[in-house]
Amino acid sequence: MTLEVFALEAGRLAAIRAPLLAWYGREKRDLPWRRTSDPYAIWLSEVMLQQTQVSTVIPYWERFLARFPSVQALAAAPLDDVLAAWRGLGYYSRARNLHRAAQEVVAHFGGRFPSTAKALLTLPGFGRYTAGAVASIAFGEEAPLVDGNVARVLSRLFVVEGLPGDKAREARLWTLASALVKGERPGDFNQALMEHGATVCRPERPLCLLCPVRGACLAHQAGRVSELPPAKVRAPPKRLTLALAVWPHEGTLLFARRAEKGLFGGLWELPAVEVEPSTPDEEAALRLSEALEVPVTALDAIGTVKRQLTHRALTLYLLRVTGPHRPSRAKAFHELRWCTPAQAAELGMSTAMQRALDAALARGVLLNVAG
DNA sequence: CATTCGTGGCG
DNA sequence: TCGCCAAGAAT
């Protein structure tokens, strides 16, 4: 508690706040969402930036805004179009929540975003971070935020101990962020904290010589910058093997839409069933037959695609198949559709599945090869 | 509180 | 090749 009082002492807060804000004014990157004051566009950037690098987001943000220029346009669009625009960006529940939140803003708030963090928190996909970000950046509320950058910066400035996820640590970080954000330009200050973490107070090899608040940094004084914060402890990824049906018919392939929840929720795929590694082709075909509710015969295995996700080691086993009855629906899948490659390119699909599809097409499964 | 959800970049 | 991690949220 003594440390708490010391850390939040007014002079110390000022010694951090003012230099950081001034540094941000001089050094901030010219990012596209910093050129707009449209809450919708700012919200979109915040959702896309969740667990995603700035350089990855920029082209998605620009394309998405061109296609859905307002919250009304987004709310009125079919979910499939939204997922297609999100294709390749990952964490697809963000896109579903974005779509739902847009509809709620239109239905319950007359198309205007609520302007406080507390009110924003009621919308799908708004957690504590995103609510604070939109409230402070778009509406100028003195609302705190803590993301990975801010957690690192504050844990160094104030020597906050504890592993990521530790309850006491999180509480302390939010308390610090709350105290610091109060004052002029809260949105700029929050962005200054994040910008500082992204460009100077980096995870590896931080640029302490260029740091505008080095003099106030307790970790720097103690020579502990490199050991704060401690790395997250991650469980080893689980293995998941899927057998994919590659079923050519008159220039099309069979596609299926996955269930809303879980891995790649709501996205399209080559119809997939989970199998054990090294499952014989005949058995994989039998599983696909059960899922598709029609007889399926394995022709040959045409490749394997491996993908490393954060919590999954994914193996996609491509099985060329055929059968006497072409299915148009099956309980195991939300929807079935026969698509040309051009049509498939317009579907919401994961990068993993895109790689599998590319591999199948590269094997010439749609070519009329006599053999 | 722990787990799950993607992808790409980097050393 | 591999581990780490990036403007987190939902369950």
Side-chain angles (χ1 to χ4, degrees), chain A residues 28-29 31-34 42-61 83 86-98 100-101 120-138 144-153 162-171 173-174 177 187 189-199 201-205 229-238 240 258-267 269 306-314 348-355:
Chain A
K28 68 178 174 186
R29 291 170 290 178
L31 304 179
W33 42 87
R34 289 182 176 158
I42 292 169
W43 168 49
L44 179 65
S45 74
E46 291 302 336
V47 174
M48 285 188 167
L49 284 163
Q50 290 168 11
Q51 301 291 287
T52 309
Q53 306 266 13
V54 164
S55 57
T56 302
V57 166
I58 290 174
Y60 277 93
W61 184 84
L83 289 173
W86 208 268
R87 168 200 276 252
L89 196 52
Y91 286 138
Y92 298 92
S93 64
R94 291 183 296 174
R96 290 198 303 278
N97 286 331
L98 191 80
R100 280 204 298 146
L120 288 166
L121 262 177
T122 66
L123 295 169
F126 276 85
R128 212 171 167 187
Y129 165 80
T130 307
V134 173
S136 64
I137 298 170
L145 60 77
V146 176
D147 74 330
N149 287 313
V150 175
R152 180 173 56 257
V153 170
L163 290 169
D166 176 74
K167 194 177 172 184
R169 173 185 188 261
E170 305 303 326
L173 292 173
W174 279 93
F189 178 74
N190 278 337
Q191 292 190 84
L193 271 179
M194 294 189 283
E195 186 85 350
H196 181 59
T199 63
C201 198
R202 309 181 301 195
E204 302 295 328
R205 298 176 296 108
K232 212 174 292 183
V233 281
R234 265 190 235 274
K238 296 175 180 176
L240 177 64
R258 296 175 62 86
E260 296 273 330
K261 304 235 172 189
L263 187 66
F264 304 135
L267 301 189
E269 64 179 4
K306 288 183 176 294
R307 293 283 296 173
Q308 189 63 49
L309 313 182
T310 302
H311 297 283
R312 303 274 189 181
L314 191 58
M349 193 179 297
S350 66
T351 298
M353 194 56 57
Q354 184 66 52
R355 297 285 164 79

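Just so it is clear, the values below take in all heavy atoms, side chains as well, and ignore hydrogens, waters and symmetry mates. Labels below follow one simple rule: chain letters A, B, ... track the order of the sequence lines, proteins then strands, and each chain is numbered from 1.
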Measure from the side chain of Gln50(A), starting at C-beta and using heavy atoms only, and say which of dG6(B), dA9(C), dA7(C) lies closest.
dA9(C)
May I ask you to verify whether the side chain of Tyr91(A) and the base of dG6(B) hold a donor-acceptor pair under 3.5 Å?
yes
Straight-line distance of Glu260(A) CD to Tyr92(A) OH, nearest 0.5 Å
15.0 Å
Winner on side-chain proximity to Phe264(A), out of dG8(C), dA6(C), dT7(B), is dT7(B)
For the side chain of Lys261(A), counting heavy atoms from C-beta on, which of dC1(B), dT11(C), dA7(C) is nearest?
dT11(C)
Do Thr310(A) and dT4(B) share a donor-acceptor pair, side chain to base, under 3.5 Å?
no
Closest non-hydrogen atoms of Leu314(A) and Ala352(A), given as atom of the first, atom of the second and distance, are CD2-CB, 4.0 Å
Here the gap from Asn190(A) atom CG to Tyr129(A) atom OH, rounded to the nearest 0.5 Å, amounts to 8.0 Å
Closest listed nucleotide, where the reference is the side chain of Ala352(A) and the choices are dG11(B), dT7(B), dA6(C)
dT7(B)
Any N or O donor-acceptor pair under 3.5 Å from the base of dG8(B) to the side chain of Thr351(A)?
no
I need the NE2-P distance between His311(A) and dC5(C), as an integer number of Å.
13 Å
Distance between P atoms of dG11(B) and dA7(C) (Å, rounded)
16 Å
Considering only the P atoms, how many Å lie between dG8(B) and dA9(C), rounded to the nearest integer?
22 Å
Using a distance-only criterion (donor-acceptor N/O pair, under 3.5 Å, no hydrogens), is the base of dG6(B) paired with the side chain of Ser350(A)?
no
Rounding to an integer number of Å, can you tell me how far Tyr92(A) OH sits from dA10(C) C1'?
18 Å
Where each residue is assigned the nucleotide of DNA chain B containing its nearest heavy atom, which of Ser55(A) and Lys238(A) is assigned the position nearer the 5′ end?
Lys238(A)
NA contact type, Arg234(A), heavy-atom cut-off 4.0 Å: base, sugar-phosphate, or nothing?
base
If only side-chain N and O atoms count, and only distance matters, is there a donor-acceptor pair under 3.5 Å linking Arg94(A) with Thr52(A)?
yes
